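Below is one structure, written out as structure tokens, with a few remarks after it.
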Amino acid sequence: MTAGVMDPLPAAAAEAETEEEAGPAAADLPVPQVCERRDPDPSRMQMPQGNPLLLSHTLQELLARDTVQVELIPEKKGLFLKHVEYEVSSQRFQSSVYRRYNDFVVFHEMLLHKFPYRMVPALPPKRMLGADREFIEARRRALKRFINLVARHPPFSEDVVLKLFLSFSGPDVQNKLKESAQLVGDEFMNCKLATRAKDFLPADIQTQFAISRELIRNIYNSFYKLRDRAERIASRAIDNAADLLIFGKELSALGSDTTPLPSWATLNSSAWSFLKQALKGLSVEFALLADKAAQQGKQEENDVVEKLNLFLDLLQSYKDLCARHEKGLLHKPQRALHSYSLMKRPASGTAGQTREPESVQQLESRILEENAIQTMELRNYFSLYCLHQETQLVHVYLPLTSHILGAFVNSQIQGHKEMSKVWNDLKPKLSCLFAGPNSTLTPPRSPQDGVSPH
């Protein structure tokens with residue numbers, strides 16, 4: 001579908017088509033005409049009071065809607081494969097249910113079915129074979145981000161499909177989800193304002209959409225780079241922890257060496273014995289340093305990297321929504337419209353004469369009932385209406401940036417503070433390295449001691 005099809009018909013063109021009789025073919029299948037751009041109606045330029053298009057949510061309100069935990073439960077072995085299950089716990093519904101990855105897939109499909117004009121976050125990929133522990137943990141984190149974004153999304157949070165997924169503990173939750181979604185149509189069919197969405201849209205909605213899309217694309221690119229750097233910082237902290245632990249163990253091993261030294265090598269000096277005794281006791285402090293570094297790395301993974309990933313998932317879902325809007329979500333009405341136009345064309349040859357009148361009449365009746373032409377235009381405006389709200393929702397989440405930066409700064413301050421204390425506690429123990437009879441070793445000078453003594 002071309003971009004022109006997705007753009008709503010200008011008001012002047014729509015009026016011209018309803019008033020002008022251009023023959024049977026034109027009446028059956030109206031085509032948008034290019035017309036001169038007119039100044040928009042002043043009443044359309046101003047938002048009506050109490051405009052439902054405008055959102056009034058704050059970030060704190062969205063975060064308070066629900067907090068959902070997704071934890072791995074012990075693997076269950078099937079005949080051929082191991083099945084990974086998750087315990088999904090919701091604070092809002094006070095529920096705890098078991099879900100498999102395929103349950104998430106069906107839930108995701110039902111959300112797209114019911115809310116095609118909203119930001120539906122993507123699911124992590126499914127890995128058929130060879131799913132190692134690292135992949136399973138990464139997918140668990142991604143599923144947790146997905147379900148929390150969904151549970152805090154205003155329209156999703158009030159839908160029965162979400163409640164079923166988070167609280168239904170009976171068998172075959174997938175069929176239950178499908179049944180609940182099939183009973184009703186999508187959001188356009190159930191929203192009371194759907195047919196009036198055009199009245200609430202600003203006149204320059206297309207310009208606003210283009211600007212917002214470019215802005216959010218730039219924000220996404222920057223946050224993607226920030227996430228990568230945050231991952232590297234957290235990874236370095238964890239690597240530093242492993243290095244400190246090994247460093248301490250090697251010092252302990254050196255101090256625990258029982259290999260006897262010949263007297264002619266030591267010249268009857270006991271310096272090595274004192275050194276070994278001191279080195280052996282340093283492993284405790286290095287183990288504590290390793291623990292502090294590991295805690296800092298894990299904290300930054302949870303409080304910084306995961307929040308950045310959450311925000312990136314939201315931005316990606318917005319980009320996906322924009323792509324769906326451009327490609328068009330109205331393939332079914334358009335196919336029906338195409339079939340209807342073909343049916344109304346004069347038939348040539350015997351093929352048109354042998355067409356079954358009953359089936360043609362039924363198809364025509366159904367299409368006329370749905371009023372496919374009008375519905376397609378109304379859906380266009382409703383898609384823009386929802387897209388406008390989803391753009392607002394992205395901006396509601398933007399203050400999450402301060403939360404992320406605050407968590408990063410606090411982690412760095414706390415981590416360095418705790419490690420500095422351990423280093424300071426370790427320093428006095430170094431005096432043992434320079435103690436002992438006949439010792440000629442000189443303790444290293446501190447930076448605060450000034451310049452070299454000459």
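Keep in mind it's a predicted model, so treat the numbers as computed, not measured.
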Around Lys176, counting heavy atoms of other residues, nucleotides and ligands shown, do more than 12 lie under 6.0 Å from its NZ?
no
Looking at every non-hydrogen atom in both residues, tell me the closest pair between Leu314 and Leu149 and how far apart they are.
N-CD1, 3.9 Å
Would you sort out whether Phe107 and Val173 count as a side chain to side chain contact (heavy atoms under 4.5 Å, CB included), showing the intermediate values?
CA-CA 9 Å; Phe107 176 57; Val173 65; over 6 Å; no
Separation between OG of Ser383 and CG of Leu378, rounded to the nearest 0.5 Å
12.5 Å
Salt bridge Arg118-Asp159, side-chain N to carboxylate O under 4.0 Å
no
With sequence neighbours left out, the residues meeting ring pair (Phe, Tyr, Trp, His ring centres under 6.0 Å) with Tyr397 are none
Contact list for residues 223-252, test side-chain hydrogen bond (donor to acceptor under 3.5 Å, both in side chains), sequence neighbours left out
Arg227-Asn309
Quick check for you: to the nearest 0.5 Å, what is the distance between Arg152 atom CZ and Asp66 atom CG?
7.5 Å
Separation between CG of Leu166 and CD1 of Ile147, rounded to the nearest 0.5 Å
4.5 Å
Side chains of His325 and Leu321: closer than 4.5 Å at any heavy-atom pair?
no
When you measure from the centre of the six-membered ring of Tyr220, is the NZ or CZ of Lys319 under 6.0 Å away and within 45° of the axis?
yes
Please walk me through it: do Glu418 and Gln414 pass side-chain hydrogen bond (donor to acceptor under 3.5 Å, both in side chains)?
CA-CA 6 Å; Glu418 292 180 357; Gln414 185 67 20; 2.7 Å; yes
Decide if atom CD of Glu214 counts as having more than 12 heavy atoms of other residues, nucleotides or ligands within a radius under 6.0 Å.
yes
Does any non-hydrogen side-chain atom of Leu215 lie less than 4.5 Å from one of His395?
yes
Salt bridge flag under 4.0 Å for residues Glu61 and Arg65:
no
Using the side chain to side chain contact (heavy atoms under 4.5 Å, CB included) rule, take Leu112 and Arg324 through it: C-alpha gap first, then chi angles, then the decisive distance, then the call.
CA-CA 11 Å; Leu112 283 174; Arg324 292 202 303 271; 4.0 Å; yes
Does any part of the side chain of Gln296, heavy atoms only, come nearer than 4.5 Å to the side chain of Glu300, both counted from C-beta?
yes
Any side-chain heavy-atom pair from Val305 and Arg141 closer than 4.5 angstrom?
no
Heavy-atom pair of closest approach, residues Asp303 and Lys307:
O-CD, 3.0 Å
Does the structure place the NZ or CZ of Arg139 under 6.0 Å from the centre of the six-membered ring of Tyr101, at an angle of no more than 45° from the ring's axis?
yes
When you check the side-chain N and O atoms of Glu109 and His113, is any donor under 3.5 Å from an acceptor?
no
Are any non-hydrogen side-chain atoms of Glu377 and Tyr381 less than 4.5 angstrom apart?
yes
Where is the tightest heavy-atom contact between Ala230 and Val304, given as atom of each residue plus distance?
CB-CG1, 4.0 Å
Under 3.5 Å, side chain of Asp257 to main-chain N/O of Ala253, donor-acceptor pair present?
no
Between Phe156 and Val150, which heavy-atom pair has the shortest distance, and what is it?
CB-O, 3.3 Å
How long is the straight-line distance from OG of Ser420 back to NZ of Lys292, given to the nearest 0.5 Å?
12.0 Å
So Phe146 and His108, would you call those rings parallel, tilted or perpendicular, with 30° and 60° as cut-offs?
tilted
Is there a side-chain contact between His388 and Leu384 in this structure, where contact means two heavy atoms from C-beta onward sitting under 4.5 Å apart?
no
What's the spacing between Leu59 CG and His403 NE2 if we round to 0.5 Å?
5.0 Å
Shortest non-hydrogen separation from His153 to Glu390 and the atoms involved
NE2-OE1, 2.8 Å
With no hydrogens and no angle check, do the side chains of Asp204 and Gln208 hold a donor and an acceptor under 3.5 Å apart?
yes
Between Asp320 and Gln316, is there a side-chain donor-acceptor contact under 3.5 Å, judged purely by atom types and distance?
yes
Under the ring pair (Phe, Tyr, Trp, His ring centres under 6.0 Å) test, which residues partner Phe223, sequence neighbours left out?
Phe311
Gap between atom CZ of Phe93 and atom CG of Leu164 - 0.5 Å precision:
9.5 Å
Any heavy-atom pair between the side chains of Tyr385 and Leu201 that's under 4.5 Å?
yes
Salt bridge check: are Glu158 and Arg92 linked by an N-O gap of less than 4.0 Å?
yes
For Phe286 and Ile246, what are the C-alpha separation, side-chain angles and deciding distance, and is it a side chain to side chain contact (heavy atoms under 4.5 Å, CB included)?
CA-CA 9 Å; Phe286 277 94; Ile246 294 175; over 6 Å; no
Between Arg99 and Phe165, is NZ or CZ placed under 6.0 angstrom from the six-membered ring centre and within 45° of the ring axis?
yes
When you compare the side chain of Arg100 with that of Tyr86, does any pair of heavy atoms fall below 4.5 Å?
no
Least distance between heavy atoms, Phe135 atom then Pro125 atom
CZ-O, 3.6 Å
Check for a donor-acceptor pair, side chain of Ser222 on one end and backbone N or O of Ile219 on the other, with a separation under 3.5 Å.
no
Apply side chain to side chain contact (heavy atoms under 4.5 Å, CB included) to the pair Glu306 and Glu301, showing each step before the final yes or no.
CA-CA 6 Å; Glu306 274 304 295; Glu301 279 186 347; over 6 Å; no
Looking at Pro52, is its backbone amide N or carbonyl O close enough to the side chain of Gln389 to form a donor-acceptor pair, meaning the two atoms are under 3.5 Å apart?
yes
Salt bridge (charged side-chain N to carboxylate O under 4.0 Å, His left out), that's the test. Do Arg133 and Glu137 meet it? Break it down for me.
CA-CA 6 Å; Arg133 188 172 301 178; Glu137 172 60 17; over 6 Å; no
Exam field: side chain Thr401 to backbone Leu398, donor-acceptor pair closer than 3.5 Å:
yes
Identify whether the distance between the nearest side-chain nitrogen and carboxylate oxygen of Lys421 and Asp425 falls below 4.0 Å.
yes
With side-chain hydrogen bond (donor to acceptor under 3.5 Å, both in side chains) as the test, would you mind laying out the steps for Lys114 and Asn190 before giving the verdict?
CA-CA 10 Å; Lys114 297 190 71 174; Asn190 294 281; over 6 Å; no
Flag, side chain of Ser180 to backbone of Leu177, donor-acceptor distance under 3.5 Å
yes
